[in-house]
Peer 1: 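Have a look at this one before I ask anything.
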Amino acid sequence: MAEITFTPSGFGQGMSDGTMPTGFEAKREASDTLDTIWMDGEFIPWEDATIHVLSHALHYGTSVFEGVRCYETADGPALFRWDAHLDRLYNSAAMYDLDIGFDREELTTATLELLARQDLGGCYVRPIAFYGYDRLGVSPTTPTKLPERVAIAAWPWESYLGESALEDGIDAGVSSWRKYGHDQIPPTAKTTGAYVNGVLATDEAARNGYDEAIVLNSEGNVAEGPGENLFLVDDGEIYTPGLAEDALDGITRQSVIELAREAGYTVHDDARIGRGELYTADELFFTGTAAEVTPIRSVDDRAIGAGSKGPVTDDLQTRFFDLVSGPVDTHEAWFTRVH
Ligand SMILES: Cc1ncc(COP(=O)(O)O)c(C=O)c1O
């Protein structure tokens, strides 16, 4: 096997709290079973899951994808909100006329078998569909449709912004890059090409010494993080930018809104949040499949609240982790059991 480079954190830029290495080859080295990817209807060896360098998706960003977590619940491993992720995957694909070619049941069976074959319990699942190799030219649909490809991979993945981030919170910086609007690229679709916006914002944040970026929309209101939705707590009430503010309709966002309402909080899920309101908030936190529920302790070097995880964030984070680690008795429909 090639020489392995250990990077402390390949994802939550700027964090280096010594958690597991994130490089795939290091992960595979640490696992006896991480050896399979499902591609176009077949289970194939991990190293054979390659595509041609002239694939359309590589040149024009025409892939749509999901990130889903499988949690080790008290009743065994279960995919969290699998149905909601599938809904969003098919909707993202429809935006680009991309026919996934496999129905929900086929993708579900493939995923469950992929996890079983590799003995994966708690892990992250990445389905991706894309336009493949035939010709180049911006349109994937004219004069004829390019091959439509689909793959599913899964691997163990620790917390996106580092374990300490969940407890201590992260330092965020408002990006100078603005989020694209509904009239530019649909922000509700998870399209790989669009993620260059988040790449610029994330790298800028890291260069400026922050753990993560907060991205404003073209009007200067808060949209979201590059891979997270943002929540603000003020006077005990909870606010999150509405989808019209160019945020992704995050599935963790939806789940946390529901958990918060069940707990009796007032949640404003169509808020318009100005940059200044971030600075004076009692609490801020990010949500996302990868980031889960991560407190934000400062923005642009200004402490938020007491500069540590606030009580409402703590309460919601606890409710979230209790839900995904406990017995599957409440919100049963949110879980798809693996074994
Ligand atoms: C831009 C963006 N916003 C928000 C989120 C959070 O969405 P979810 O909770 O569905 O993972 C993600 C992650 O998918 C994202 O990429």
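Remember, it's a predicted structure, so these values are computed and weren't measured experimentally.
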Peer 1: Between D99 and K145, does any side-chain N to carboxylate O distance fall below 4.0 Å?
Peer 2: no
Peer 1: What distance do W177 atom CH2 and D203 atom CG have between them, rounded to the nearest 0.5 Å?
Peer 2: 11.0 Å
Peer 1: Whether the R135 and T144 side chains hold a donor-acceptor pair (N or O, under 3.5 Å, no angle test) is what I'd like checked.
Peer 2: yes
Peer 1: Is the gap between the ring centers of F80 and F320 under 6.0 Å?
Peer 2: yes
Peer 1: Do S176 and E204 have side-chain atoms, one donor and one acceptor, less than 3.5 Å apart?
Peer 2: yes
Peer 1: Identify whether the distance between the nearest side-chain nitrogen and carboxylate oxygen of D35 and R117 falls below 4.0 Å.
Peer 2: no
Peer 1: Calculate, to the nearest 0.5 Å, the distance between atoms CG and CD belonging to L166 and Q317 respectively.
Peer 2: 5.5 Å
Peer 1: Quick one: are F130 and T192 in side-chain contact, heavy atoms under 4.5 Å?
Peer 2: no
Peer 1: Using the ring of each side chain (for Trp, its six-membered ring), is F285 parallel, tilted or perpendicular to F231, with breaks at 30° and 60°?
Peer 2: parallel
Peer 1: What residue among E219, E224, E245 forms salt bridge (charged side-chain N to carboxylate O under 4.0 Å, His left out) with K179?
Peer 2: E224
Peer 1: Quick one: closest heavy-atom pair of G132 and R149, and the distance?
Peer 2: CA-CG, 4.1 Å
Peer 1: Is the backbone N or O of L34 less than 3.5 Å from a side-chain atom of R28, with the two atoms forming a donor-acceptor pair by type?
Peer 2: yes
Peer 1: Could you grab the distance from atom OG1 of T289 to atom NE2 of H85, nearest 0.5 Å is fine?
Peer 2: 3.5 Å
Peer 1: Would you compute the distance between atom OG1 of T336 and atom CZ of R81 and round it to the nearest 0.5 angstrom?
Peer 2: 10.5 Å
Peer 1: Rounded to the nearest 0.5 Å, what separates atom CG in L259 from atom CH2 in W334?
Peer 2: 4.5 Å
Peer 1: What are the two closest non-hydrogen atoms of L323 and F335, and how far apart are they?
Peer 2: O-CZ, 3.5 Å
Peer 1: Between L216 and V222, does a side chain to side chain contact (heavy atoms under 4.5 Å, CB included) hold up when you go through it step by step?
Peer 2: CA-CA 4 Å; L216 307 179; V222 176; 4.0 Å; yes
Peer 1: How long is the gap from CG on L86 to OG1 on T111, to the nearest 0.5 Å?
Peer 2: 7.5 Å
Peer 1: Strictly by modelled atom types, are T188 and D249 linked by a side-chain donor-acceptor pair under 3.5 Å?
Peer 2: no
Peer 1: Can D234 and Y239 be counted as having a side-chain donor-acceptor contact under 3.5 angstrom?
Peer 2: no
